[in-house]
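To start, the structure under review is shown below, and the notes come after it.
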Amino acid sequence: MSKTAIEVDNVSMKFNLSREKVDSLKDYIFKTIKREIQYNEFWALKNVSFSVEKGDRVGILGLNGAGKSTLLKVISGVFKPTEGHVDKHGKMVPLLELGFDPQYTGKENIYLYGAMLGYTKKFIDSKYDEIVEFSELQKFMDVPVKNYSSGMKSRLGFSIATVVEPKILILDEVLSVGDAKFRKKSEKKIMSMFDSGVTV
């Protein structure tokens, strides 16, 4: 049985950055047909390779714009790499920039975000009260998320993502938002996950 949790093999990620300002889909189509859109090639990642053993905790450090978040999104499967590949062994939960639908309520987003993480409705039903209690957002479950502060969104996302014990946890500055009390509570939860041998 493999001791490797994550294998990143020669991963590169290219973005095509448009030089022109395009305000609408109509503009984009017309400018594309007329061949007026030009792109600058930008490689956010180039030939990145490493492996992480099960139970390891690995930190990725670098300056702003160095590609840290892009790398984590490739590992999590949010982005497909332009070159190379990533192998994962175990249930992974990414705590990245949270993709909530701002029009939906907190309750609706629990089910939506849970589904994006691969949880069934039945599972979310069974964990709903636990998620709400941990987030401390009981009074705001029927409020659209567009009215939430960034700290409230972070609390909700953290509560959903950590409701199970994943084998692999991906964190991207998710604990830097929110009040000190909730940060302490979140850190305690993360530490208990560390103790259970989760790869981070």
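Treat the numbers as computed from the prediction; the structure is a model and nothing was measured. Hydrogens, waters and symmetry mates are skipped; everything else that's a heavy atom, side chains included, is used.
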Residue of the set Val8, Val11, Thr82 for which side chain to side chain contact (heavy atoms under 4.5 Å, CB included) holds with Leu45: Val11
Side chains of Leu169 and Ile190 in contact at under 4.5 Å (non-hydrogen atoms): yes
Trp43-Ile75 co-clustered via ILVMFWY side chain contacts under 4.5 Å: no
CZ-OG distance between Phe182 and Ser159, expressed to the nearest 0.5 angstrom: 4.0 Å
Cluster overlap Phe134 with Met191, hydrophobic side-chain contacts below 4.5 Å: yes
Residue pair Asp101 / Tyr113, side-chain donor-acceptor N/O under 3.5 Å: no
Those residues that, when tested against Lys88, pass salt bridge (charged side-chain N to carboxylate O under 4.0 Å, His left out) (two or more places apart): none
Distance, nearest 0.5 Å, that separates CD1 of Ile131 from CE of Met141: 9.0 Å
Interatomic distance, Leu72 atom CG to Leu171 atom CG [nearest 0.5 angstrom]: 9.0 Å
Contact check, side chains of Val163 and Tyr119, non-hydrogen atoms, under 4.5 Å: yes
Closest non-hydrogen atom pair between Gly84 and Pro81, with its separation: O-CG, 3.6 Å
Minimum heavy-atom distance between Met152 and Leu137, given as atom pair plus value: O-CD1, 3.5 Å
Ring centre gap for Tyr128 and Phe123 strictly below 6.0 Å: no
Lys14 charged N/C atom sitting above Phe42 aromatic ring, 6.0 Å / 45°: no
Of all pairs that satisfy salt bridge (charged side-chain N to carboxylate O under 4.0 Å, His left out), the ones with a partner from residues 135-147, not counting sequence neighbours: Glu136-Arg155, Glu136-Lys181, Glu136-Lys185
Heavy-atom check, side chain of Val86 versus side chain of Glu7, under 4.5 Å: no
Validation row: Phe100, Pro144 side chains within 4.5 angstrom (heavy atoms): no
Non-hydrogen atoms of Tyr148 and Gly106 that approach each other most closely: OH-CA, 3.3 Å
Shortest non-hydrogen separation from Ser135 to Val132 and the atoms involved: OG-O, 2.8 Å
With Lys167 via salt bridge (charged side-chain N to carboxylate O under 4.0 Å, His left out) - residues at least two apart: none
Thr120 and Asp125: CA distance, side-chain angles, deciding distance, side chain to side chain contact (heavy atoms under 4.5 Å, CB included) verdict: CA-CA 9 Å; Thr120 64; Asp125 284 342; over 6 Å; no
Side chain to side chain contact (heavy atoms under 4.5 Å, CB included) evaluation trace for Thr4 with Val52: CA-CA 6 Å; Thr4 305; Val52 179; over 6 Å; no
Test side chain to side chain contact (heavy atoms under 4.5 Å, CB included) applied to Leu112 and Tyr104, step by step: CA-CA 9 Å; Leu112 178 65; Tyr104 288 2; 4.1 Å; yes
Gly114 to Ile124 - nearest heavy-atom pair and separation: CA-CD1, 3.9 Å
Residue Lys91 excluded, over 12 heavy atoms near NZ under 6.0 Å: yes
Atom pair CZ (Phe50) and CD1 (Ile6), whose distance is rounded to the nearest 0.5 Å: 7.0 Å
Within 6.0 Å of OH in Tyr111, more than 12 heavy atoms from elsewhere: yes
Flag, side chain of Asp56 to backbone of Thr199, donor-acceptor distance under 3.5 Å: no
Minimal non-hydrogen separation, Ala44 against Phe15, with atom names: CB-CE1, 3.6 Å
Interatomic spacing from OG in Ser49 to CG in Asn10 - rounded to 0.5 Å: 4.5 Å
Approximate separation, where rounding is to 0.5 Å, of Leu71 CG and Ile60 CD1: 4.5 Å
Atom CD of Glu53: over 12 foreign heavy atoms under 6.0 Å: yes
Test: Lys127 and Glu130 ion pair at under 4.0 Å: yes
